[in-house]
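On a predicted model such as this, the values are computed, not experimentally measured, just so you know.
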Amino acid sequence: MKAPNRVLSGAYLILAGLFVLRIVPLFLPESRTWGFNQLLFLPEWWTYAYLALSVTALILPFYRFTDTIGIKAIKTINRHVFEIPHRGYFRIGMVAAMLFLFILFSTPTHFLGDGYQMIANLSEQAGQFFKWSEMGTTLLQSSIYSLLSDSNETAALLTFRIISWGSGILSIYLYVLIARIITDNPLKRLLVLMVLILSGSLLLFFGYVENYPLLQAIYAAFIYFGLRRLHTGRGLLSVTIVFFMGLFLHLQVAMFFPALIYLGLAEGKGNRLHVHYKWMVFAILAVIGIALLGLAVYTYRTDLSFAGHFMPFLTGKAVAPGYTVFSLPHLLDIGNELLLLSPAIMVFVALLIAERKEIRMTKTAWFLIISSLGGLLFLLVIDPKLSMPRDWDLFSLSALAPTLLLVHLLPETSHHIMTRLLPSLGLYLLLAVGMFLSTALNTKASLDNIEYIIHLDRGKSLSSLICLRDFYRKHDMPARADSVNMTYYFYYPNDRMIKEAFDALAVGDVGKAERLLTLIAPDKFNSHYHSLLATYYYIKGNLDSALYETKAAIQLGRYSVDLYRKLGLIHLARDRFDDAASALRAAHAIDPHDEKVIENLAAVFLASQQADSVAYYSNQLITADSGHTQGYVLLYSLYYQLNQSDSAQKYAELYYRFGGSDSVQMDAPQ
């Protein structure tokens, strides 16, 4: 590189900047750098090793033998992975080696998503809840869990790990197929493998506990079959099946629907239809788009849960007033996300800007552009509200298509530059992903990392705080658990006051609850806040307002037994027996063993004179616990209502035998 050309110098400087960027957090530890600040949490020797390897990587391009290293790497990988007759064995060996690593270094903690909550839900004997947006994934988890010999948290963890490991080997194999079909150029094939495998998304396959690992494999399959469709003109059915499989697993996949439409119109009969009836096709797509947009706007206005998933445009939510679509924290989070998922993305951007006149658009490029727009729009408008400032796993699909697009568009004039930079680029990717994995796969480092994340955005990290406190309690670290509790009481006064108001209403201290309500900041996206208002209005006799607030709370907490039970009792107080029964049945479906719900169901059917249902639910109580006095009261009341005095007397005697008192009343909603 004695006389480097301008493009090579620019690409080299960008790569050097990326190396330097990862040591910036060491000097600015409080900065918003969660996507590349892993050196803060790793042992000190990591920093020295990183500095030494970074200097080595940045020196390499100045020596001509680097070209030889790059060329040999390109030829070797292409020969063994794409060319030799027995390349299948090499691919299987590569996948098997990755599987060994996934299993050997499986995640010891589960802080970066809703892992602990999901493990508890899957292993819950009382009943599991299923998010309608992730129905396919949760059904798969339940099916695998039911096949395991044990039914406990260990089995639940193994269930998630099996899906994670399986998704990993499938994804790695699909990455190879994508690299083979997207280009015939050996350099680009190697680059595709590098940027797909050496990505932060690799963590999803190390026994990661969440619903997103399988989506990586599904999206990789969608990309592969989409590329095959563009190359052969066939296979629309295959890519459509993959798309709807992904949609069943998680509705997030809907963001790639425009890419599916493009695949239908780009080749075959769809292309001929598009050519001959362009305006008709455009009109139909426009009508569909407007209808879907209208439906989205209507749902946004009428469903708090749906609205809560989107970023506020001008004014932030109560938990993070300054966090909006174009706020600096949000834009910085997007930058962190992209650097985490595609560490070298800026190198390719720089090369394409420098060589923009040489870029040649293809159908593959347009397919990847449309896919990229879907993922990047999702990244921009969906609110990262769970566990951390940016739910990296939820958005882990967003960088795949853009990175592929950048590599695909690299013109031949830049190939010699990439060959020269290849060893340095490979070392950078290994270091970037290695540091991220080392942080997540080490208990101490992951604990330090989650504490940093909580500190970074306290308003958005309450669930992480609770998860961390429970972890410390479970692992006998009372001092650290107490420290987390102190953080909760100091930084979350709203949640604390909501709890205190609930406690006051539970003991009949309405005055204290009213005083607290004047201090609590309104939060329309907080289910507990709406539930508190519902309880208050119910006690005050304002049933219409109680009903409104309960429905709002349910929109934000669709799997809460208590909320559906509360809704049932409000309907019962309004003599809406059918609505009460419907709400209580929903609660019973979530937890079939909740005694309060069963009691309330029997009481509703008693009030509506449905004898068979009263007997059914009352006997459920007695079957579960023969000393359950409320079951005898309900049966006594039933037979008294039916004028069957002998049976009524029988259950009255059983009631007193098991210690019943003279006064039994239904509970008010709590």
Side-chain angles (χ1 to χ4, degrees), residues 171 174-185 187-201 215-236 238-240 242-243 246 252-268 270-271 274 285 334 337-339 341-353 355-356 358-380 395-412 414-415 418:
S171 297
L174 284 165
Y175 293 163
V176 173
L177 298 183
I178 289 171
R180 180 184 62 82
I181 198 171
I182 198 171
T183 180
D184 293 326
N185 183 275
L187 170 63
K188 285 188 177 182
R189 282 178 169 176
L190 177 56
L191 287 174
V192 168
L193 282 181
M194 288 171 60
V195 298
L196 291 184
I197 295 176
L198 296 178
S199 159
S201 61
L215 290 186
Q216 284 288 324
I218 286 292
Y219 188 40
F222 177 75
I223 293 289
Y224 169 68
F225 284 107
L227 293 174
R228 199 171 73 169
R229 158 78 174 167
L230 296 175
H231 279 71
T232 65
R234 301 185 300 275
L236 182 60
S238 299
V239 74
T240 303
V242 169
F243 174 81
Q252 173 187 348
V253 174
M255 64 186 179
F256 303 117
F257 182 66
L260 178 65
I261 296 297
Y262 175 79
L263 291 172
L265 298 176
E267 295 290 341
N271 181 253
H274 176 246
L285 292 178
I334 291 176
E337 181 82 24
L338 293 176
L339 282 173
L341 297 173
S342 183
I345 192 170
M346 293 309 301
V347 175
F348 300 113
V349 170
L351 278 173
L352 286 180
I353 291 174
E355 301 275 25
R356 56 189 177 278
E358 305 296 328
I359 294 175
R360 299 292 180 266
M361 295 302 295
T362 64
K363 288 183 178 180
T364 294
W366 283 113
F367 167 59
L368 293 174
I369 286 172
I370 296 171
S371 296
S372 299
L373 290 176
L376 294 175
L377 181 63
F378 186 80
L379 185 61
L380 179 67
F395 299 96
S396 57
L397 301 183
S398 298
L400 195 153
T403 308
L404 276 178
L405 172 67
L406 294 172
V407 175
H408 172 72
L409 289 178
L410 280 177
E412 288 192 14
S414 63
H415 287 190
M418 288 309 306

To the nearest 0.5 Å, what is the distance between CG on Leu404 and OH on Tyr175? 9.5 Å
Going through the distances and angles, do His231 and Thr364 end up as a side chain to side chain contact (heavy atoms under 4.5 Å, CB included)? CA-CA 9 Å; His231 279 71; Thr364 294; 3.8 Å; yes
In the structure I gave you, are the side-chain heavy atoms of Ser371 and Met255 within less than 4.5 Å of one another anywhere? no
For a ring pair (Phe, Tyr, Trp, His ring centres under 6.0 Å) check, start with the C-alpha distance between Phe378 and Phe395, then their side-chain angles and the critical distance, and finish with the verdict. CA-CA 8 Å; Phe378 186 80; Phe395 299 96; 5.4 Å; yes
Quick one: are Leu265 and Asn271 in side-chain contact, heavy atoms under 4.5 Å? no
For Glu267, which residues count as a side chain to side chain donor-acceptor pair (under 3.5 Å) partner, sequence neighbours excluded? Lys363
Measure across Ala259 and Ile370 and return the closest heavy-atom pair with its distance rounded to 0.1 Å. N-CG2, 3.5 Å
If we only count heavy atoms from C-beta on, is the Ile218 to Phe243 side-chain gap below 4.5 Å? no
Heavy-atom closest pair (Leu263 atom, Arg229 atom, distance to 0.1 Å) is O-NE, 3.0 Å
Pairing residues for Arg356 by the side-chain contact (heavy atoms from CB on, under 4.5 Å) criterion, not counting sequence neighbours: Ile353, Ile359
Of the non-hydrogen atoms in Gly375 and Phe256, which two are nearest, and what is the gap between them? N-CE2, 4.2 Å
Nearest 0.5 Å please: distance from the OG atom of Ser372 over to the CG atom of Leu379. 11.5 Å
Heavy atoms only: give me the nearest Leu409-Ala365 pair and the separation to one decimal. CD2-CB, 3.8 Å
Over all heavy atoms of both residues, which pair between Ala401 and Leu368 is shortest? Give the atoms and the distance, please. CB-O, 4.0 Å
Indicate yes or no: at least one non-hydrogen side-chain atom of Pro402 is less than 4.5 angstrom from one of Leu376. yes
Please list, chain by chain and in numerical order, all residues satisfying side-chain contact (heavy atoms from CB on, under 4.5 Å) with Leu410, sequence neighbours excluded. Lys188, Leu191, Phe348, Leu351, Leu352, Ser414, Met418
Smallest heavy-atom separation, Phe367 atom then Gly226 atom, equals CZ-CA, 4.1 Å
Report the distance from atom CD1 of Ile369 to atom OH of Tyr262, rounding to the nearest 0.5 Å. 9.0 Å
Any side-chain to backbone donor/acceptor pair from Ser342 onto Leu338? Under 3.5 Å, distance only. no
With a 3.5 Å cut-off and no angle check, do the side chains of Ser396 and Gln216 form a donor-acceptor pair? yes
Distance in Å, Leu339 CG paired with Leu341 CG, rounded so as to fall on 0.5 Å steps: 9.5 Å
Side chain of Ser199, backbone of Val195: donor and acceptor closer than 3.5 Å? no
Could you state the interatomic distance from OH (Tyr219) to CG (Leu174), rounded to the nearest 0.5 Å? 13.0 Å
Enter the distance from Leu405:CG to Leu400:CG here, rounded to the nearest 0.5 Å. 11.5 Å
Option passing side chain to side chain contact (heavy atoms under 4.5 Å, CB included) with His408 (candidates Asn185, Thr403, Leu227, Ile182): Ile182
